[in-house]
2 protein chains.
Amino acid sequence: MKPNRKSPTMSDVARKAGVSAMTVSRALKADSVISPETRSAILEAAEELGYIFHAAASNLRSQRTDFVAVTIPSINNANFADTVAGLSEILSGRNMQTLLGYTNYDVDVEEQLIEQLLRRNPQAIVVTGGHHTARARRLLENARIPVVETWDVPDQPIDHYIGFSNADAVRAMVDHFVAVGYRRIAFIGGDAGRDTRGSDRRRGFLTAMRSHGHDDPCLIAAGAPPISMREGADAMARLLHDHPDTDAVICVSDLSAFGALTECHRRGIVVPDQIAIGGFGNYEIAGMCVPTLTTIDAHAREIGLRTGSLILDLLDGATGTMAIDVKPGLIIRRSSLRETSPRDSQ
Amino acid sequence: MKPNRKSPTMSDVARKAGVSAMTVSRALKADSVISPETRSAILEAAEELGYIFHAAASNLRSQRTDFVAVTIPSINNANFADTVAGLSEILSGRNMQTLLGYTNYDVDVEEQLIEQLLRRNPQAIVVTGGHHTARARRLLENARIPVVETWDVPDQPIDHYIGFSNADAVRAMVDHFVAVGYRRIAFIGGDAGRDTRGSDRRRGFLTAMRSHGHDDPCLIAAGAPPISMREGADAMARLLHDHPDTDAVICVSDLSAFGALTECHRRGIVVPDQIAIGGFGNYEIAGMCVPTLTTIDAHAREIGLRTGSLILDLLDGATGTMAIDVKPGLIIRRSSLRETSPRDSQ
DNA sequence: ATGAAAGCGCTAACAC
DNA sequence: GTGTTAGCGCTTTCAT
């Protein structure tokens with residue numbers, strides 16, 4: 001096992017290097033005034049002792065942690081990973097870190113998480129989505145740090161937001177489907193209530209369909225978010241069974257859309273000739289599968305980059321509340337473009 | 001903007017509740033001796049003031065942080081996400097958190113990350129893989145906490161490990177391909193040197209092929225890890241062009257294998273009749289795509305669960321060094337099973 | 001069941 | 001360029 005004596009502190013390094021603890025502290029900061037010889041002697045002593053800087057003590061005294069807390073729904077989602085990557089890239093330019101937490105698409109988990117994260121005294125907090133529990137709202141409102149909501153346009157922003165309307169994004173896709181001739185369009189998404197972005201997308205679907213004169217479009221509930229490929233496939237199977245006249249389906253994400261696509265393959269149903277499919281997120285798979293998937297690019301990385309810049313500006317003393325809309329892009333691919341017109345092929 | 005006065009401390013809560021700070025501290029711990037009335041009065045006062053517990057101060061004084069540091073290659077990988085989920089599940093039963101860092105498949109980044117993580121005084125550290133820089137090894141050896149290497153069987157374990165031989169896992173797949181009649185088998189993987197697990201898989205492929213009497217099998221380098229679907233597709237295009245007699249290909253992961261599969265679809269090449277494909281990782285897509293992909297299940301979640309249990313045992317005072325092999329499973333699916341024998345169909 | 005005193009390891013503030 | 005002092009907010013320890 002391991003040696004059991006106490007970890008060396010700055011005092012130990014100071015003693016070994018023949019200086020004071022304060023000088024050791026300066027030697028370990030990049031931008032402090034100290035003679036180069038003293039510094040290198042100290043760094044050498046530190047390395048020999050196996051000294052590890054004690055972040056908690058530093059944070060306590062200096063009242064800064066140099067990190068930004070971030071909540072995202074899942075550890076395993078390329079969209080949110082891209083947002084975090086963009087954010088981290090900007091923050092690392094100022095030697096700041098991101099402290100990540102996962103809500104599992106659940107606002108109650110989010111509430112717990114926000115409290116956990118605030119206990120570690122971040123310099124700012126970024127949350128995914130604009131729907132929160134009452135207590136989570138209060139925690140964020142009372143936090144004495146910048147708060148940024150992302151991936152949404154909140155009804156009542158807490159502080160700043162950088163995102164887009166999930167409902168409007170889906171409306172754009174419905175408009176496209178209608179424009180190219182689809183009429184009996186269904187929606188595959190999560191069960192109502194839990195994933196707020198998914199619910200917003202379903203709501204946008206309904207509104208758009210009604211504005212096109214389709215009052216009661218078919219909605220398939222595929223389970224609790226996130227909707228997996230398998231759940232997308234199962235939902236497609238149900239849709240084909242219960243509503244065989246459907247000529248297009250919009251899925252809450254590319255992953256469920258891909259699952260739906262494979263179900264069509266298995267049944268020998270040709271996409272898009274017999275049924276069109278649309279997804280959401282522009283995941284890599286949407287551009288790779290056969291046929292390629294029509295989808296919506298939320299500009300995940302851009303959201304992260306802008307969030308990072310905003311936070312740096314705010315920490316530099318910028319004032320005012322920022323409300324930034326990052327307009328998603330509709331990406332039209334093969335899964336919604338058939339050669340013949342819909343009417344002809346039915 | 002936000003109120004700018006100082007955050008309330010335990011003393012503020014104590015004053016409001018008419019008790020000492022020490023009593024507030026007790027009220028906030030679940031298992032401390034305190035009268036129920038005092039506690040509820042204190043909790044109410046804390047909530048009213050918007051008090052947030054200051055983790056750094058607590059950590060400094062108590063010398064415990066209740067978190068475990070974890071390095072994984074990527075934030076966006078279902079295999080590593082499953083391992084982290086398993087680990088977190090076990091740790092959360094003891095109110096411990098995971099502090100995650102991402103190496104981007106780079107041992108130099110890993111070295112930086114390990115130092116960053118150790119500064120926050122974790123109670124244990126888990127790293128993915130058994131290859132590290134010399135300095136990273138030293139940091140881990142000198143850390144006064146349990147160290148667990150995962151997803152590998154290290155040549156020289158630092159402390160404990162829970163994983164499997166990536167080389168042996170691929171050997172099992174080669175044996176299967178040979179057993180069902182494939183002979184001209186190629187490998188698609190990352191460029192040599194960077195992703196150590198991928199390199200181990202390539203090495204296992206070469207060793208296995210030689211043991212079957214194929215001395216110079218075809219290796220396609222697809223770029224720096226992680227290998228994307230697109231890179232898998234591009235590699236397959238090169239393979240088909242340069243080595244048209246290939247009858248099977250093993251890919252370093254299911255994602256690149258799926259890319260390779262789509263390239264075959266685009267060219268009208270039938271899998272597995274004209275070429276067989278194998279992947280690695282048993283990602284969801286491997287069981288969904290058409291045809292389904294033969295792959296290797298590394299039991300990612302199981303690795304995380306066992307790592308968590310081991311850490312709890314060690315923190316409880318267990319001694320001895322654990323070396324646990326979690327044997328991967330070969331999952332044979334349609335992409336490597338043709339109806340007719342290979343010789344007949346050529 | 002509760003309180004008082006001390007101190008975890010670092011750095012702000014000031015002195016020289 | 002370097003040292004001294006004090007204290008960040010909490011919890012250990014001991015006392016009552």
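Here is the naming used below: chain letters follow the sequence lines, and residue numbers restart at 1 for every chain.
Taking 4.0 angstrom as the limit, B:Q63 places none of its side-chain polar atoms (N or O) nearer than this to OP1 or OP2 of C:dG7. Residue A:T23 has no polar side-chain atom (N or O) positioned under 4.0 Å from OP1 or OP2 of D:dG1. For B:S20, a side-chain nitrogen or oxygen approaches OP1 or OP2 of C:dG3 to under 4.0 Å. At least one side-chain nitrogen or oxygen of A:S35 sits closer than 4.0 Å to the OP1 or OP2 atom of D:dT2. Listed pair B:K6 / D:dC8 fails the phosphate criterion, with no side-chain N or O lying under 4.0 Å from OP1 or OP2. Within the structure, every side-chain polar atom (N or O) of A:Y51 is placed at least 4.0 Å from both OP1 and OP2 of C:dG9. Close to C:dT11, at under 4.0 Å from its OP1 or OP2, lies no side-chain N or O of A:S62. Contact annotation: B:S25 reaches the phosphate of D:dT11 (side-chain N/O to OP1 or OP2, under 4.0 Å).
Rounded to whole Å, atom P of D:dG9 lies 16 Å from atom CZ of A:R119. In this structure, the CD1 atom of A:I42 is 13 Å from the P atom of C:dC10, given to the nearest Å. Residue B:N59 contributes atom CG, which lies 14 Å from atom P of C:dC10 at whole-angstrom precision. For the pair A:M22 CE and C:dA12 C1', the computed distance is 8 Å after rounding to whole Å.
No donor-acceptor pair under 3.5 Å is formed between the side chain of B:E149 and the backbone N or O of B:I162.
The base of C:dG9 does not come close enough to the side chain of B:R61 for any donor and acceptor atom to sit less than 3.5 Å apart.
Using a 4.0 Å heavy-atom distance criterion, A:L60 is classed as a base contact.
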